[in-house]
Structures are given as C-alpha cells and as structure tokens.
Amino acid sequence: MSKVEHLDNIIERFGPHLHDAPWGGWQGDRKIDRVVNTHCPYCGMQCGMKLLVSEEHVVGLEPRYDFPVNEGRLCPKGVTAYLQTHHPDRLLHPLIKRNGTFERASWDEAMELVVSKFKGFQEKHGKDSICVYSGSSLTTEKTYLVGKFARLGLGTRYVDYNGRLCMASAGAANKKAFGIDRVANPWSDIPLADVLIIAGANCAETFPIINGFLWKQRDNGGVWIVIDPRETPTARQGDLHLQLKPGTDVALTSGILHVLINEGLIDQGFIDSRTNDWEATRETALKYSPAMASEISGVPTEKIVQAAQIYGRAKTSMVMHARGIEHHSNGTENVLSYINLVLATGSIGSPGRGYGTITGQGNGQGGREHGQKADQLPGYRSILDPEHRKYIAGVWGIDESELPGAGISAVEAFEKMRVGEIKGLISICSNMMVSLPDTNRVRQSLENLEFNVNIDFFMSESSRYADVILPGTTWSEDEGTTTSGEGRVIKINKAVDPPGEARRDWEILQEIAERMGRGKYFGFKNPREIWDELRVASKGGSADYYGITYEKIDAQDGVFWPCPTEESTGTPRLFEERFAHPDGRAKFHPIEYKGAEEKPDEEYPLIFTSGRIVHQYLSGNQTRRIKFLVDQCPEPYVEIHPETARKYKINDGERVKVVSRRGEGVFPALVVKTIRPDTIFIPYHWGEQLAANQLTNPALDPTSRIPEFKACAARIEKIHSRELPILGKGRRGTSQSEVVRGYQL
Amino acid sequence: MKETMFIDPQRCIGCRSCVAACRECSTHKGYSMIFVDYIDRTETTATMPTVCMHCNEPTCAQVCPADAIKQTDDGIVLSALKPRCLDCRNCVNACPFGVPKYNSAMHLQMKCDMCYDRTSEGLKPMCASVCPTGALSFGTYEQIVPLRRTKPVNAHVFGNQRVETRVYLMVPSEADEITVDGCGVFEGRVNPDAAENESWIDTQVEMSDKSNEF
C-alpha cells in the first residue's frame with residue numbers, strides 16, 4: 001500500500017496550484033514601506049535584487065543596478081521569485097500523517113513525535129539508523145548547522161546532500177588537480193579572455209546572467225567554442241560548435257590535447273615549473289588522434305583540429321563547464337580531461353586566463369564546503385583526517401571520539417533506505433522524487449522508510465511520502481550568506497517574517513536537537529551567531545572563511561574566499577603564484593576514454609540525456625507553482641531529430657513512449673534539428689509520470705559518487721491514444737502498479 | 001543624444017525575462033507588453049523579442065479615429081488614452097510590427113510605452129534592465145553602438161511604406177534599412193511549409209499565455 005494519500009486530494013490541498021499575482025493583486029500605486037537589498041534564491045549566479053515590502057508582505061521587485069555581478073539583470077525565474085513568498089500553497093503549520101492523510105498538528109505534537117521515533121530507532125538499531133539529507137539552496141549557516149545537527153544532534157554518520165547531483169565531479173576533480181575546490185577566476189575575468197571553451201553548459205538557459213559576461217567577451221572580439229550534444233541557444237550563438245555524443249568528452253579533449261602537443265601549442269615552461277605528471281598524460285593523449293577522437297565522439301576531425309588551434313593559439317583563454325560533462329559515471333575524469341587542456345596551455349592564474357565549473361545551485365559552492373557532505377567537516381576539512389577531526393571537535397567542545405565517521409553518498413544512502421538498513425530520514429531542501437536518478441527505486445526507498453520527516457515550505461513530490469512535515473521558510477524570511485558560483489560570499493537579507501506558524505529552518509533543527517537532549521551544542525539565537533562559529537570552524541581549512549564578516553560582505557559587495565584574516569579582502573583569482581597542493585604545483589591526470597556505463601544497443605538504440613530549461617529551477621518545487629513560468633513550458637517534452645522521428649513515424653507534438661531499462665514515460669515529441677539524430681533529450685524538472693528521472697541510470701562515478709544523469713540507453717515507441725496514461729483522476733498514490741491505464745479499464 | 005532601445009535579436013536566448021519583468025511596471029497592472037517568439041523551432045532555438053519600435057510617424061496613431069494614441073515631445077508613442085479608446089482595434093491591425101494588443105477585459109488598447117513612468121524618472125525600462133544578454137538594451141546611441149559588432153538600423157520598408165523608428169534593430173549585416181516585402185522573396189532560409197509545420201511549442205506557448213498576451 002502506498003504511503004501517499006489520494007493524489008487528487010493532496011494536490012487539491014497543497015498544490016502545485018498556479019498562482020500569478022503579488023499579494024493583494026496587481027496594483028498601480030501601492031505604498032512601498034521598505035526596499036530590501038538581497039539576492040535571487042535560485043541558481044549559482046546569486047544575482048542581486050531588491051524586494052519591495054508593503055504592509056509586511058513582499059509585493060514586487062526592483063532591479064539592483066549597483067550589484068556588480070548582474071547590474072540589475074535577472075532571468076524570468078528571478079523576476080518572478082518573489083511570488084513564492086505569499087503563494088497560497090505555502091505550508092503554514094506542521095502536518096502529521098494519520099491513516100494516510102495529512103492532518104494539522106501543533107509544533108509540540110509534531111516535535112514530540114519526531115523525537116520519540118528517532119530516539120526509539122537509535123535505541124533499537126543504533127545511532128546510524130537515521131539519515132539526514134539536505135540541499136545546497138540553503139544558506140551556508142544552515143548547511144553548516146545541518147552537518148553539526150547530524151553528527152552532534154543525532155550522532156549519525158549518515159548525512160549527505162543534493163550537491164551529489166550537482167557539481168560533485170567538478171569538486172572532486174578540482175581537489176585532485178589543484179588541491180582546492182573553487183572556480184579559479186571571478187566572472188569578471190570572462191570578458192578578458194580571447195577564447196572560451198564552454199563544455200556541457202547551456203549557459204543561456206541554466207545561468208542566464210553569465211551571458212552578460214559572455215557577450216562582453218564577444219563584443220571585445222572574443223570567440224566561443226561550445227561543446228554540447230544539443231544546439232542550445234549558447235551553442236547557436238557560439239563560433240564553433242562541437243556537437244559530441246553524450247559521454248564522449250574524454251575522447252574529444254584527448255584529441256584536442258593531441259593536436260596541441262603535435263602543433264607545439266603547449267606551454268612547456270608552465271608545465272615544467274608549475275605542474276606534475278605531464279609525461280604520462282602526454283603519452284596517453286598521443287594515443288587519441290583527432291581521427292580517433294572524431295570516430296568516438298562523432299565530431300568531425302577538422303572541427304577538433306580547428307578547436308585545438310583556436311584554443312591553443314589564444315593569448316588568453318578560459319575553460320568553463322557545467323553539469324553536461326559532470327553528470328557521468330566518469331564525471332570526475334571528464335573534468336580532469338578538460339583541466340589537462342588548461343594546464344597544458346598554462347592558461348590559468350592571471351586576468352582572462354583561467355578555468356571553472358559553473359555551479360548550479362544557489363549555494364552550490366558554500367553548501368559543499370562546511371560539513372553537510374558525507375565525508376567532510378567545516379572548512380572543507382576531511383572527516384577521515386585525525387587532525388581535522390581534532391580541530392572541529394575542539395570548536396564544537398566535544399571529544400574527538402564523539403564525532404561519527406564518514407557516511408555515504410546520496411544515492412547510496414537511499415539504497416540503504418530501500419533495503420531497510422536506514423529506518424528514519426529527515427530531509428530538507430530536497431525533492432528526491434524529482435532529482436534523484438531512477439525514480440521508481442527512490443519511491444521504494446521512501447515507502448520502505450519507517451519514519452520520514454520533511455522540512456519544506458511547499459509540499460513537494462517527496463514530501464507526500466513523509467510522516468511529518470515541518471513548515472520552513474523561503475529565502476525572503478531569513479538572513480544568511482551564500483557563496484555564489486564564482487566563490488563570492490554574499491548576504492541574503494530578510495524581508496518579512498515567516499507566515500503562519502512556519503519557522504526558520506535553523507530554529508527547527510535546533511529544537512529537534514534540544515529535544516534529543518543535545519541542546520548545549522545548539523544555542524544559536526540568530527544566523528549571525530552560527531556564522532561566527534562557522535568562521536572559526538573553517539579557520540585554517542581549505543575553504544577559510546575566518547575573515548569574512550557580514551559587514552565586510554556589505555562593504556565589498558561580497559567577499560571571495562579564502563579570506564583567512566580580518567584584514568584580508570578575499571581572493572577573487574586563485575593560482576596566481578601557486579596551486580593548493582602542498583608542493584604548490586598542479587597535477588595532470590592521464591585519462592583513458594571509457595564512456596557512459598550504459599551504451600546503446602539493439603533493444604535500446606538511442607542515447608537519452610536530461611537537462612534543464614530556463615523557466616524552471618531544479619526539482620521545480622518552487623517554480624512549478626508560478627503560473628508565468630509554467631505557461632512558458634507547461635510540461636516536459638522529448639527532443640527528437642527529424643531523421644529519427646521519420647524512422648519511427650513520429651510527428652511533431654505527438655505523444656510517444658520513452659523507455660529505458662529502469663522505467664518509461666510518455667512525452668510529447670519536439671521534433672528539432674538542434675539535437676543529434678542518435679540522442680534524445682527530456683528536461684527533468686517534473687515529478688511522477690512526467691519525471692525524466694524514471695529513465696536515468698543511477699550508475700555512480702567512483703570518486704564523486706555523482707549519478708549518470710546525462711547518458712543512458714533508451715528507445716522510443718509510437719503509441720496509440722488508448723495507451724496514454726491517465727494523469728490525475730482515478731489515481732491512488734503514485735506507485736506504478738497503482739497507475740490505472742486507459743486500456744486496463 | 002536621447003536614450004532609446006536597441007534590439008539585438010542574435011543575443012536573445014528566449015528566456016522571456018523581459019516579458020515577466022514588463023508586468024512589474026506599476027502602470028501595467030500585471031500585463032506584459034512584450035512578445036518573444038521562436039522563429040522556427042524545428043530549425044533553430046533562435047527567438048525574437050518584440051517591443052514597440054516607437055515610429056517617428058506612428059501608424060497606430062495615424063489610423064486612430066479617436067486620436068487616442070499620443071506621442072510625447074521626446075518621441076515616445078503611448079498606449080491609448082482610456083477615455084478616448086473606441087475599442088475599434090484599427091491600431092492593432094495597422095501596426096506594421098504587430099505591437100499593440102487589445103485588452104478585452106479593460107476595453108483598451110495597450111502597448112509598450114518604453115516604461116515612460118520609469119524613463120521619465122531616469123530609470124531604465126524593466127525589460128532592458130533585466131535582459132540577461134543585452135538583446136534589449138536601453139541607452140544612448142553613443143553608449144551602446146560602439147560596443148557592438150552589429151549594425152544599428154532604424155528604417156524599415158514594408159511594401160510601399162517606409163517607417164523610421166526611434167528604436168534601433170541591431171543587425172549582423174551592412175544593410176541601411178530592413179525591407180519586408182510581402183510580394184518578394186525573403187533572403188535566407190525559409191521553410192515553405194512553415195505554416196503547416198509550425199512547431200506545437202509555439203502554439204502551446206501562445207495558447208497557454210493568454211493573461212500576458214491579452
């Protein structure tokens with residue numbers, strides 16, 4: 001029996017409902033009581049914006065022209081972000097599920113239930129029977145508190161976060177190659193580069209505001225080489241598009257490196273003086289001729305040569321990438337292979353010369369540094385390193401032996417829930433039923449849990465499986481810092497109080513800890529107190545925030561970490577003189593091409609890849625309720641090349657079944673020449689039967705434990721109208737077995 | 001020189017941030033007066049933003065029987081004056097750029113007025129403020145044009161009608177004016193079956209977005 005009550009009821013009560021007007025409706029001459037300088041709650045650009053407050057409600061926005069990153073610019077998600085604050089779907093009081101139905105409960109009742117269940121599990125099954133699962137759209141203060149809450153409040157080693165689904169491969173590769181995980185250059189370096197390599201990054205749709213920097217570079221006469229299986233708006237606007245097969249990056253970059261070596265376009269001086277392990281990398285790359293790279297990647301040989309020449313001859317250049325190369329079972333190697341290009345040309349560490357991943361989540365950077373990751377402690381310290389453990393134990397006032405060991409990554413933790421090893425879950429800032437791979441397996445995990453607590457401000461597809469829901473706050477109701485994709489620590493400011501009985505996330509976690517009898521470690525009265533402890537906890541670590549104060553953030557429009565002392569103004573550009581490895585040198589990595597874990601075959605002849613659209617943010621729990629955004633793209637679709645569509649006799653707009661080894665879904669076909677004939681694409685922001693992740697492969701990268709969202713084998717099937725699934729009416733729960741299909745009636 | 005709008009379609013990423021932001025102008029009451037369209041989604045992701053071109057001799061005002069559409073001294077063509085608008089929609093049909101829309105709920109023609117309430121106070125229009133790429137930019141000719149590799153054009157020829165506009169279209173060619181000749185042949189790639197093969201996503205966006213496109 002499904003844990004989810006009748007879907008019609010739950011949607012009627014909690015949405016998503018489409019809402020599209022500010023509090024009190026659209027008004028011409030409203031009196032604005034105050035204007036609050038803050039930032040967008042969504043992606044890693046963390047654009048500045050001003051919220052307009054009238055009668056203690058957020059009623060609109062004004063561009064924040066004086067914030068240097070975006071100078072007023074915003075994407076449509078940013079423009080409409082304020083509409084979530086007073087959205088009618090907001091969860092305004094705690095909910096407890098009784099007889100399968102959510103009922104209103106008091107905070108005391110809900111907290112008592114949570115704590116008694118957690119205590120019961122831990123007495124019976126040990127401390128590690130509970131898992132904490134978090135996200136990186138929280139402020140850094142909250143993410144720090146999540147790690148401390150798991151290890152000290154609950155004493156479990158199982159804590160991880162949705163950054164595993166984001167840029168974990170980039171983080172792992174950056175640590176290996178440079179010894180530190182941060183973008184090497186501020187975005188303001190982009191316009192100074194003659195040539196940009198943009199790999200697996202649909203900047204136009206996923207980081208719209210970075211386009212301002214890209215176009216400044218273009219206006220200066222710069223060139224873009226775009227590497228993407230789809231002709232995205234960014235690829236269309238670029239100068240050279242290498243339209244590779246998903247998952248073949250290593251072959252392509254090795255081919256490029258091969259040309260750089262053979263044409264003498266490498267910087268031997270830099271390689272000798274600032275790097276290690278070049279010889280082995282050189283030998284490996286020489287095995288991949290441009291012709292061979294072309295054969296594997298599907299990119300014409302002459303384009304590979306041309307790309308290498310343009311990049312290799314440029315005086316200044318930057319390589320940027322995003323999830324396209326990172327979401328692979330060899331994501332870390334993909335990233336390392338691009339870093340090899342950067343190191344071989346020596347183009348790093350000065351204005352307009354550099355490298356970086358473009359982090360996706362709002363606080364993707366800050367959220368991965370301060371201890372909510374399974375194997376990590378604040379300041380990017382390791383939970384396995386005795387010295388690091390000792391330092392943090394000292395900051396927290398405990399004996400080092402009280403600190404649990406390393407946990408496991410997100411996908412692995414959910415597998416432990418599925419098989420019953422983990423009994424209880426407390427999740428925050430995550431919608432696993434949309435964002436994790438292989439939705440059908442995630443559903444089993446959530447249904448197998450004995451007790452499931454969720455903190456959120458809207459009922460997500462995952463919240464529906466919870467036993468207790470605790471209402472948290474949107475970004476506009478709390479203060480704290482985030483660290484943007486360029487490593488700039490910025491400050492989110494509070495505009496209004498939380499609505500109804502909703503509480504700030506850090507207050508909720510603290511109260512649970514207190515009721516668990518661990519209150520003495522959680523006496524924070526406001527985010528600033530958490531921040532001040534975090535500064536000390538990060539001191540001396542790789543991500544050193546000690547010198548960053550709220551005041552300094554305001555005065556400088558943000559502070560780039562590392563900022564180790566109160567006198568320091570931060571470090572916008574890394575690696576000017578040395579890399580972060582102990583010997584100060586960067587490290588090459590020889591990489592052999594492996595490709596995706598699952599390759600097309602007779603049964604599943606196409607490559608399926610997933611991604612994002614500009615009108616939705618991640619799992620869509622915030623943005624699928626805002627009518628303006630939904631209107632622009634009401635449902636997911638499958639992009640199919642006309643050649644492939646002809647083969648299967650599929651018309652534009654026709655609903656087709658897309659099947660992988662793990663699941664299937666029905667999506668309207670968008671027949672476009674902008675995708676490769678051997679590849680199909682579905683945006684992933686939706687849940688239930690619209691989830692692209694029903695198809696994706698949970699194969700993990702051995703280092704970063706990132707799942708392979710970007711390549712698996714799939715097929716498409718033409719279907720008859722009687723086979724179309726009935727969405728909505730007549731459905732109980734969401735388990736596939738419970739979906740009533742038209743033809744079965 | 002006076003400030004105006006520069007439309008640079010090759011930069012447009014189709015995000016419709018301008019469409020969303022237009023609604024935020026307090027005089028618009030939640031209605032957006034900008035349109036962003038796919039050119040031909042089967043072929044390309046290219047999109048095109050449409051704002052009022054603010055013609056020097058505005059056709060919409062010329063065909064208005066009630067003299068409801070006024071031009072300010074500095075050349076901004078305003079929305080129809082509510083007390084005068086007859087609901088006749090002459091302007092909607094006559095505008096060569098397809099800009100004015102008739103708002104049936106308000107019994108009024110509405111169109112982009114280059115955020116007159118903002119620009120008259122020294123603020124940039126909402127659309128050009130938020131546009132991520134500079135596909136819509138607001139500034140003086142001297143501020144914008146030297147930075148671009150595209151050429152500003154503000155003369156459009158529609159059959160026998162030549163229209164000069166205050167707003168510039170930035171084009172990647174040497175042409176001094178843009179000719180749209182209904183009887184002639186378009187240059188470049190045009191799909192002869194375009195009308196029949198119009199991508200469903202265009203239709204869907206059009207159908208679902210009534211609140212904004214009134």
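In this structure, OG1 on T42(B) lies 10.5 Å from NE2 on H641(A), to the nearest 0.5 angstrom.
Between Y82(A) and E24(B) the shortest heavy-atom distance is OH-OE2, 2.7 Å. The nearest pair of heavy atoms linking W26(A) to R23(B) is CZ3-O, 3.4 Å. Nearest heavy-atom pair, Q10(B) versus W215(A), reported as atom, atom and distance to 0.1 Å: O-CZ2, 3.9 Å. The shortest heavy-atom contact between V614(A) and C15(B) is CG2-CB, 3.6 Å. Y65(A) and R118(B) make their closest contact through OH-NH2, 3.0 Å (heavy atoms, listed as atom of the first residue, atom of the second, distance).
Contact annotation for residues 205-212 of chain A against chain B (heavy-atom separation below 4.5 Å, listed by residue number): P208(A), I209(A), N211(A), G212(A). Within residues 122-132 of chain B, the residues having any heavy atom closer than 4.5 Å to a heavy atom of chain A are L123(B), K124(B), M126(B), S129(B), V130(B), C131(B), P132(B), listed by residue number. Heavy-atom proximity under 4.5 angstrom to chain B picks out P233(A), R236(A), Q237(A) from residues 233-241 of chain A.
For chain B, the option among T80(A), L61(A), L629(A) with the highest count of heavy-atom pairs below 4.5 Å is L61(A). When G14(B), C12(B), C25(B) are compared by the number of non-hydrogen pairs under 4.5 Å with chain A, C12(B) comes out ahead. Comparing G221(A), A21(A), G25(A) by how many heavy-atom pairs each has under 4.5 Å with chain B, the most go to G221(A). The residue among Q27(A), M49(A), R218(A) with the most heavy atom pairs within less than 4.5 Å of chain B is R218(A). Across R148(B), H28(B), R11(B), the residue that shares the most heavy-atom pairs under 4.5 angstrom with chain A is R11(B).
For residues 21-30 of chain A, the set of pairs meeting the salt bridge (charged side-chain N to carboxylate O under 4.0 Å, His left out) definition, not counting sequence neighbours, is empty.
Only the side chain of L83(A) comes within less than 4.5 Å of a heavy atom of chain B; its backbone N, CA, C and O stay farther away. Using a 4.5 Å cut-off between heavy atoms, C18(B) does not touch chain A at all. Using a 4.5 Å cut-off between heavy atoms, R230(A) does not touch chain B at all.
Put simply, the side chain of R41(B) never gets that close to the backbone of L670(A): no donor and acceptor are under 3.5 Å apart.
The number of heavy-atom neighbours closer than 6.0 Å to NZ of K82(B), taken from other residues, nucleotides and ligands shown, is above 12.
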